[in-house]
Asker: 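I am attaching a structure below and will ask some questions about it afterwards.
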Amino acid sequence: MPHEQAEQTTYEQRKASPRRYLMCRPIYFDVTYSINPWMDPARPTSTQTGLAQWKGLFDTFVTLGHDVQLIEPVPGLPDMVFAANGALVVDGKALVARFRHPQRRDESAAYLEWFGRGGWSTVGQAEYVNEGEGDFLFTGGAILAGTGFRSDPRAHDEVREFFGRPVISLTLVDPRFYHLDTALSVLGDEQIMYYPEAFSLQSRAELAERFPDAILAEEADAAVFGLNALSDGFNVVLPQAAVGLAARLRERGYHPVGADLNELLKAGGSVKCCTLELRE
Ligand code: ARG
């Protein structure tokens with residue numbers, strides 16, 4: 001296991017645990033509409049480059065020992081590569097998304113079909129707008145829930161009931177960080193990193209109180225989507241341009257692994273957006 005920095009810190013040795021992820025090959029990736037400030041349909045995109053960068057991320061996860069499942073991409077759904085938005089899966093239960101924008105709504109049927117193949121104790125579709133792990137992040141105990149741009153606040157109650165877990169509502173205020181997973185990342189049980197300015201004052205106070213130990217991101221790292229990261233408890237895969245955040249992670253005993261997903265960033269997504277965690 002790669003851990004050249006870990007023993008130099010005063011933190012306990014972090015431990016990686018193998019994960020199960022669901023991803024979607026971006027064979028139909030394109031920016032043909034704009035539903036967040038990153039998307040400019042007039043700017044050229046390359047499906048080939050997107051695919052190659054996505055493959056790099058897939059290979060990174062496999063090299064780290066994770067089990068990566070695939071969902072079949074659907075023609076006409078260019079954002080389907082962002083598998084994080086398809087569902088929230090905790091305790092073997094899957095709650096499939098309901099998308100805010102009509103351009104993505106048909107993705108739900110593909111996820112319902114995929115989860116319907118079996119292996120899950122309960123599969124349901126959200127009644128209120130709920131963009132899956134884009135806005136709902138599991139900390140090991142509670143579920144952090146975002147609202148303000150995409151998921152409906154009523155979806156927070158629905159998630160609380162569906163999973164029988166505590167849900168902490170957080171309000172996003174900066175349109176660049178329109179999903180919770182663009183502004184906050186769970187590193188380990190009850191350990192997070194986030195960009196405070198992306199949240200309302202009340203949510204900032206709540207985060208500061210609950211997570212006094214959190215890594216706070218600078219704007220430069222947040223602006224390159226450094227918080228759109230995925231941790232296995234030790235390895236933290238994050239956009240390679242987020243160098244400040246990588247240094248903070250190293251100081252705290254984590255092992256940052258840089259990924260280049262710049263092509264997909266033109267749609268407003270990166271590492272975490274491409275990955276849905278499947279929790280038994
Ligand atoms: N273009 C997509 C959208 O705006 C990007 C989704 C990114 N996914 C995420 N989990 N933040 O819906």
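What you see below is based on every heavy atom in this structure, not just the backbone, and it leaves out hydrogens, waters and symmetry mates. Read the numbers this way: they start at 1 and go in the same order the structure lists the ligands and their atoms. This is a predicted model, so every value here is computed, not measured.
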Asker: Quick one: sort the His156 and Phe136 rings into parallel, tilted or perpendicular, breaks at 30° and 60°.
Answerer: perpendicular

Asker: Name all residues meeting the side-chain contact (heavy atoms from CB on, under 4.5 Å) criterion together with Asp221; count only those two or more places apart in sequence or in a different chain, and write none if there are none.
Answerer: Glu218, Ala242, Leu245

Asker: Checking Thr60 against Thr63: is there a side-chain donor and acceptor pair closer than 3.5 Å?
Answerer: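 No donor-acceptor contact under 3.5 Å links the two side chains.
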
Asker: Applying a heavy-atom distance cut-off of 4.0 Å, which protein residues contact ligand 1?
Answerer: Ile35, Asn36, Met39, Asp79, Phe82, Ala84, Asn85, Arg104, Gly134, Arg150, Tyr178, His179, Asp181, Thr182, Ala267, Gly268, Cys273

Asker: Please confirm whether Arg204 makes a cation-pi placement over Phe199, using NZ or CZ under 6.0 Å from the six-membered ring centre and within 45° of the ring normal.
Answerer: no

Asker: What pair of heavy atoms forms the shortest contact from Arg150 to Ile35, and how long is it?
Answerer: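 In terms of heavy atoms, the two residues are closest at NH2-O, 2.9 Å.
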
Asker: Classify the ring geometry between Trp120 and Phe115 as parallel (under 30°), tilted (30 to 60°) or perpendicular (over 60°).
Answerer: perpendicular

